[in-house]
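Accompanying notes for the structure given below.
In what follows, residues are counted from 1 in the order of the sequence shown.
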Amino acid sequence: MYLSSNVLLGLLAAVSQLHHASPMAFPAPLLEERQASTVPDFVSTYAPLVWLYSGETYFPSDIGAQLDHTKPEVNFDVITGYPTPLTLNNLDSLNADNGSQVYLTSIDNIVTNPAWLNGVKPDSTGKTDGAVSVTIIVNDRGNGEVDAFYMYFYAYNWGGIFLGEDVDDHVGDWEHNMIRFQNGTPSQVWYSQHSFGEAFTYDCLEKQGVRPFTYSGNGSHANYATTGTHDHTIPNLNLPGTGILTDYTDQGTLWDPLLSANFYSFDADANTYTAYNSSYPTAWLQFIGQWGDEQYPNSDKRQHEVIPGISATAHYSGGPTGPEDKQLNRTAVCPTASGYVCDIRTSLTS
């Protein structure tokens, strides 16, 4: 697909506005320390299986370990007096320090590619051994409707190649599938991709048994329902073939998110999370800041814009928000976003 320079600049400006931001932010939920009832069987029975790209370098990562390698900053200054060590049990305390402006910033210079950014490659069983890399959040919406969010964490995002140069690299990466169930039966599945994503009926998806496949894009970890090339130059429009911004997916390494997950329920009316096992940390779910470095200014020698003045073409972008910012009580299977229509696809080829 070829675009004129004016059209491309307009698209990139739109990407800049949408990039990494959840389409609509909600107040961070309160937390409950009590233990919830048993995880509904269907949440595990129909959980997605993730195919990581064969050439993947940045694998799923332990959520808590991210805090061992980062420090909280606001406007590139370290917050004073934050609790040490910073853990998943006290991460929410950062909300008092301009929480939405907090960035969990790498202690290491990421240009040196420290080993912790590479995450943990799933073993032969599909487990990220020693790394809790998944959070599963269950929202019972009543009348038999249940949404299960399968949140995947990676320590680093490689954004891809644009006009021959790296763009959109950042520390921290949250992606997710959401499956909507009706009376225990899966009906629709959401695939997060960059600033938005795609939704499909469950029946049309590729599966192993009853578990749908998710294909993770190389480096960016955007979730797709098929293998191949995915041109995502235009936000919310996944085109086949190679474009100027392309993700690649295949059946590389199979990852079973269930084997390295903590489970929580979410009560939308009470705005609370509850762990299904009392050993799971909960405070971190309330954190409203970013899970990576703030986008470096152009004055930083590490930074470079492919097209000067277009921040969406920067080599390094800012880190993403976490699960609390992913519209856990959405009405449609798609999140709400200005200008987007929730189109539930019934075929992988249409």
(request) Taking the six-membered ring of Y46 (Phe, Tyr or Trp), confirm whether the NZ or CZ of K207 is under 6.0 Å from its centre and within 45° of its axis. (result) no

(request) Flag this pair as yes if the NZ/CZ of R345 is under 6.0 angstrom from the six-membered ring centre of F200 and inside a 45 degree cone about the axis; otherwise no. (result) no

Tell me, do [X] and [Y] make a side-chain contact under 4.5 Å, heavy atoms counted?
X: P48; Y: N177; value: yes
X: D325; Y: P320; value: no
X: D147; Y: R141; value: yes
X: L49; Y: P212; value: no

Same apolar cluster: [X] and [Y], side chain cutoff 4.5 Å:
X: V111; Y: V167; result: no
X: Y264; Y: L259; result: no
X: Y273; Y: V43; result: yes
X: L285; Y: V39; result: yes
X: Y152; Y: L117; result: no

Could you report the tightest heavy-atom contact between [X] and [Y], atom names first, then the distance?
X: A283; Y: N89; result: CB-O, 3.3 Å
X: F76; Y: P297; result: CZ-CD, 3.7 Å
X: N143; Y: Q182; result: O-NE2, 2.9 Å
X: Y248; Y: Y53; result: O-CD1, 3.5 Å
X: D247; Y: A222; result: OD2-CB, 3.6 Å
X: T249; Y: T227; result: OG1-CA, 3.1 Å

Does [X] reach the main-chain N or O of [Y] with its side chain, forming a donor-acceptor pair under 3.5 Å?
X: Y156; Y: G119; value: no
X: N75; Y: D77; value: no
X: Q193; Y: N223; value: yes
X: Q290; Y: S100; value: yes
X: S187; Y: R180; value: yes
X: E198; Y: Y224; value: no
X: D267; Y: A270; value: yes
X: D293; Y: V171; value: no

Could you go through residues 124-139 and list every donor-acceptor pair under 3.5 Å that involves a side-chain atom there, pairing it with any protein atom two or more places apart or in another chain?
{"residue": "T125", "atom": "OG1", "partner": "D123", "partner atom": "OD1", "Å": "2.6"}
{"residue": "T128", "atom": "OG1", "partner": "A131", "partner atom": "O", "Å": "2.9"}
{"residue": "T128", "atom": "OG1", "partner": "S133", "partner atom": "OG", "Å": "2.9"}
{"residue": "T128", "atom": "OG1", "partner": "S260", "partner atom": "OG", "Å": "2.9"}
{"residue": "N139", "atom": "ND2", "partner": "L328", "partner atom": "O", "Å": "2.9"}
{"residue": "N139", "atom": "ND2", "partner": "N329", "partner atom": "OD1", "Å": "3.0"}

(request) Evaluate the ring-ring contact (aromatic ring centres under 6.0 Å, His included) criterion for residues Y154 and Y58: first the C-alpha distance (whole Å), next the side-chain angles of each, then the deciding distance (0.1 Å), finally the verdict. (result) CA-CA 7 Å; Y154 306 82; Y58 300 106; 9.7 Å; no

(request) Show your working on ring-ring contact (aromatic ring centres under 6.0 Å, His included) between H315 and H304 and close with a plain yes or no. (result) CA-CA 6 Å; H315 185 175; H304 170 69; 8.1 Å; no

Do the side-chain N and O atoms of [X] and [Y] include a donor-acceptor pair separated by under 3.5 angstrom?
X: D168; Y: S317; answer: yes
X: T313; Y: E305; answer: no
X: D203; Y: T201; answer: no
X: Q286; Y: E324; answer: no

(request) List the steps and the verdict of side chain to side chain contact (heavy atoms under 4.5 Å, CB included) for Q101 and D97. (result) CA-CA 8 Å; Q101 303 302 312; D97 295 282; over 6 Å; no

(message) Tell me if the centroids of the rings in F42 and F181 come within less than 6.0 Å of each other.
(response) yes

(message) Could you go through W190 and F149, starting from their C-alpha distance and side-chain angles, then the distance that decides it, and tell me whether this counts as ring-ring contact (aromatic ring centres under 6.0 Å, His included)?
(response) CA-CA 9 Å; W190 171 255; F149 292 82; over 10 Å; no

Can you establish whether the number of heavy atoms outside [X] located under 6.0 Å from its atom [atom1] is more than 12?
X: K71; atom1: NZ; result: yes
X: E145; atom1: CD; result: yes
X: D41; atom1: CG; result: no

(request) Please round to the nearest 0.5 Å and tell me the distance separating atom NE2 of H170 and atom OH of Y296. (result)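 Here the interatomic distance stands at 11.5 Å.
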
(message) Check this for me, if you would: do D256 and R211 make a salt bridge, where the nitrogen-to-carboxylate-oxygen distance has to be below 4.0 angstrom?
(response) yes

(message) Determine whether V74 and I79 satisfy the following criterion, side chain to side chain contact (heavy atoms under 4.5 Å, CB included), listing intermediate values before the conclusion.
(response) CA-CA 7 Å; V74 173; I79 295 173; 4.0 Å; yes

(request) Using the side chain to side chain donor-acceptor pair (under 3.5 Å) rule, take D250 and S54 through it: C-alpha gap first, then chi angles, then the decisive distance, then the call. (result) CA-CA 7 Å; D250 63 15; S54 57; 2.6 Å; yes

Would you call the rings of [X] and [Y] parallel, tilted or perpendicular, where under 30° means parallel and over 60° means perpendicular?
X: Y276; Y: F263; value: perpendicular
X: F153; Y: W174; value: tilted
X: W291; Y: F287; value: perpendicular

(message) Set out, in order, the CA-CA distance, both residues' side-chain angles and the distance that settles side chain to side chain contact (heavy atoms under 4.5 Å, CB included) for L91 and L94, then state yes or no.
(response) CA-CA 6 Å; L91 185 62; L94 299 180; 3.6 Å; yes

(message) Using the rule given for ring-ring contact (aromatic ring centres under 6.0 Å, His included), can you reason through Y150 versus H176, listing the C-alpha separation, both sets of side-chain angles and the distance that settles it, and then say yes or no?
(response) CA-CA 5 Å; Y150 305 85; H176 71 278; 9.9 Å; no

(request) Verify side chain to side chain donor-acceptor pair (under 3.5 Å) between S220 and N157, making sure each step is shown before the conclusion. (result) CA-CA 5 Å; S220 77; N157 176 101; 5.1 Å; no

(message) Tell me every residue that passes side chain to side chain contact (heavy atoms under 4.5 Å, CB included) with I161, counting only those two or more places apart in sequence or in another chain.
(response) W158, D166

(message) Considering only residues two or more places apart or on different chains, which pairs with a residue in residues 103-138 satisfy ring pair (Phe, Tyr, Trp, His ring centres under 6.0 Å)?
(response) H69-W116

(request) Could you give me the CA-CA distance, side-chain angles and deciding distance for N218 and L52, then say whether side chain to side chain contact (heavy atoms under 4.5 Å, CB included) is met? (result) CA-CA 8 Å; N218 59 312; L52 300 169; over 6 Å; no

(request) Take T246 and D231 through the test side chain to side chain donor-acceptor pair (under 3.5 Å) and record every step on the way to the result. (result) CA-CA 4 Å; T246 304; D231 176 5; 4.9 Å; no

